[in-house]
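No hydrogens, no waters, no symmetry mates; every other heavy atom, side chains included, goes into these values.
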Amino acid sequence: MGGMGNHETRITNARIPGTDNIVDIAVLDGVVTRIAAAGDVHGRDNGEAFAKPAYTANYTETVNAGGRWVIPGLWDGHTHFTQWAATFGRLDLIRASSAHQAMEMLRDYLDDRRDSFAGLDPDTFIVGMRFRHSLWDDDQQPSLAAIDAVAGDQPVALSSADMHCGWVNTAAAKRLGVHVDDSGLVGELEWFDAYSKLDDATGKEQMKLVKAAEQDAASKGIVGICDYEMADTISQWQKRFDKGIDKLRVRVGVYPERIEDAVAAGWHGGAEIEGSDGLGRVTTMKLISDGSLNTRSAYCSEPYSSITPETRGVLSYSPEQIEHYMTIARANGFDVACHAIGDEANTVVLDAFEHTGATGSIEHAQLLKPGDVARFKELGLVASVQPQHAVDDRDVVTRYWANTSAIPFPYRTLYDAGVPLRFGSDAPVAVLDPWVAMAAAVYRTDSERDPYQPEQRLGIRTALEASTFGNGTEIAVGDPGDLVLLDKDPYAAYSAAELRTMPVAATMCAGRWTHFAL
């Protein structure tokens with residue numbers, strides 16, 4: 001559908017959502033240069049007539065949108081893209097309702113591999129994903145004995161849905177150098193380090209999965225992602241761009257343990273990744289301040305309910321360490337994306353932003369003290385939230401945060417306080433699909449159940465604005481050539497199911513069609 005520089009695309013007969021307006025649009029060299037009423041080639045915008053671009057294009061194409069609706073390109077503000085790509089080929093345990101069922105699924109997976117043409121290499125890790133043990137019965141929790149009985153000497157490592165713990169067998173524990181007790185579980189920073197050893201993120205098979213995930217994202221209207229993979233993401237994306245992975249803009253995150261090495265290597269916030277043609281930039285330090293709700297390790301001001309012995313969760317770093325890393329980030333131009341789920345963790349992180357003057361976002365912000373909400377706006381921070389988590393975890397909140405005075409998943413409360421919202425998925429924790437996120441924010445349910453916390457619902461325009469990474473809800477002259485053509489008006493009245501499955505006809509990223517189904 002055409003290459004980069006000196007390529008002009010003219011899109012005719014496109015509708016502006018929520019209006020009767022039909023426009024023609026010109027995109028030249030990756031920038032929107034003209035928006036005018038349909039058929040008007042004589043008016044002027046951006047200093048040039050529609051029929052005469054700022055300079056002569058080497059190639060001009062005209063695409064008739066046929067009355068489809070046009071919106072800015074969509075973003076996923078929080079992904080672990082390598083792990084999400086892996087779901088296109090790994091064992092997915094999201095539907096397991098007990099440890100027994102998870103082990104049955106693992107047994108079937110291993111049997112299928114053994115019976116396949118390629119067979120099963122006894123030295124290869126079998127990796128599974130997205131088991132949710134927080135709602136399993138007490139007598140159906142993970143155990144080392146159960147996974148050893150099924151896996152034997154084949155190393156098997158299973159990651160929880162929130163990625164904050166893993167379930168491994170003895171063979172895998174030895175290979176990874178981790179300690180396991182009778183549960184077979186490995187938690188938090190020890191698991192993050194172990195999990196990063198499971199991927200050859202630049203290998204041929206991984207590249208194939210990343211390409212499939214990239215195309216899937218484009219088919220949903222996504223033009224950009226924030227990638228907070230727990231690995232050397234800079235090197236990963238350098239190699240991916242070199243191998244033709246070029247359908248997405250990528251904002252790369254660097255973890256605290258790598259930030260000083262990255263700075264020593266000459267990286268700073270906003271630096272372009274060589275070979276990416278402007279699509280890839282190193283922008284952010286990602287820091288995880290506490291655990292998660294599902295593993296009952298998010299750091300809270302009040303004890304978890306239904307837990308013995310009593311626990312309030314844990315901090316991953318001391319407040320002093322958090323401020324130290326934020327100071328390094330600020331000094332080198334990096335934004336900070338700081339994971340904070342428990343209400344006490346959010347307080348600690350807000351204090352750190354205030355003390356250091358760092359800029360950026362709090363990721364998740366799942367439980368907030370009422371008095372902390374206004375601090376987001378006062379400090380100029382973005383609340384980077386994942387609406388599907390509120391739907392997925394509603395029963396976990398009821399079980400483990402039953403006695404808290406803080407507000408869980410307070411999206412409307414944040415919005416009403418003037419805090420900018422940014423939507424994402426935390427893929428693979430939730431599916432990488434902005435329409436699923438928007439539907440969860442608007443309806444607060446994905447089933448026949450009543451909305452969860454209906455007072456926290458958001459309007460569709462607000463949800464769309466939170467999905468474009470600061471680019472608003474309408475395209476404008478001078479914007480990047482990132483846009484989406486839809487078969488339906490996104491502002492029409494839809495059910496949650498209809499909004500989740502919004503049909504995307506075409507996606508343009510940096511002036512190039514990355515998905516085209518017209």
Side-chain angles (χ1 to χ4, degrees), residues 1-2 7-54 57 60-75 218-224 421 423 434-435 438-439 441-442 458-495 498-499 501-518:
M1 281 287 173
H7 172 206
E8 183 185 44
T9 299
R10 298 180 183 179
I11 302 168
T12 61
N13 299 314
R15 293 180 185 272
I16 303 299
T19 76
D20 296 326
N21 298 337
I22 301 179
V23 298
D24 295 337
I25 304 160
V27 179
L28 177 63
D29 199 17
V31 177
V32 176
T33 56
R34 169 80 171 162
I35 303 172
D40 176 12
V41 298
H42 301 294
R44 290 178 178 270
D45 246 330
N46 204 29
E48 293 293 338
F50 184 67
K52 185 184 292 184
T60 299
E61 65 174 347
T62 300
V63 173
N64 189 337
R68 290 176 175 85
W69 289 264
V70 62
I71 62 171
L74 303 175
W75 279 70
S219 74
K220 293 164 180 170
I222 295 176
V223 299
L421 298 177
F423 284 178
W435 300 103
M438 283 187 265
V442 172
L458 296 168
I460 180 58
R461 290 175 186 266
T462 302
L464 180 60
E465 185 173 21
S467 302
T468 64
F469 213 86
N471 289 320
T473 58
E474 292 187 17
I475 59 171
V477 170
D479 283 353
D482 300 344
L483 53 85
V484 181
L485 294 175
L486 302 173
D487 286 331
K488 296 180 180 179
D489 185 344
Y491 297 154
Y494 298 112
S495 67
E498 288 172 323
L499 187 55
T501 55
M502 176 65 66
V504 174
T507 305
M508 174 182 280
C509 177
R512 299 170 302 121
W513 296 111
T514 54
H515 167 70
F516 196 85
L518 291 177

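- Scanning all heavy atoms of the two residues, the minimum distance from A463 to V442 falls at CB-CG2, 4.0 Å.
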Are L464 and Y491 close enough, and set up right, to give a side-chain contact (heavy atoms from CB on, under 4.5 Å), and what steps lead you there? CA-CA 9 Å; L464 180 60; Y491 297 154; 3.5 Å; yes

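- Scanning both residues, E61 and T9, for their nearest heavy atoms gives OE2-OG1, 2.8 Å.
- Residues D482 and A510 share a closest heavy-atom pair of OD1-N, 2.7 Å.
- W435 places a side-chain N or O within 3.5 Å of a backbone atom of K220 that can act as its donor or acceptor partner.
- The distance from atom CH2 of W75 to atom CG of N471, rounded to the nearest 0.5 Å, is 8.5 Å.
- Between R15 atom CZ and D489 atom CG the span is 9.0 Å, to the nearest 0.5 Å.
- In this structure, CG in L74 is found 5.0 Å from CE in M438, a value given to the nearest 0.5 Å.
- Between the D24 side chain and the A36 main chain, no donor and acceptor come within less than 3.5 Å of each other.
- Contact record, G481 with M508: O-CG, 3.2 Å, taken as the closest heavy-atom pair.
- Closest non-hydrogen pair, P480 versus V32, comes out as O-CG2, 3.8 Å.
- Shown here are the side chain to side chain donor-acceptor pair (under 3.5 Å) partners of D487, two or more places apart in sequence or in another chain: R68.
- Rounding to the nearest 0.5 Å places NE2 of H515 at 9.5 Å from CG of L485.
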side-chain contact (heavy atoms from CB on, under 4.5 Å) between M502 and W69, worked out: CA-CA 12 Å; M502 176 65 66; W69 289 264; over 6 Å; no

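- Interatomic distance, I71 CD1 to I16 CD1, rounded to the nearest 0.5 Å: 11.0 Å.
- Partner of V70 under the side chain to side chain contact (heavy atoms under 4.5 Å, CB included) criterion, out of I25, L486, V484: I25 alone.
- Minimum heavy-atom separation, T507 to G221: OG1-CA, 3.4 Å.
- Put simply, CG on D479 and CD1 on I35 are 7.0 Å apart, with the number rounded to the nearest 0.5 Å.
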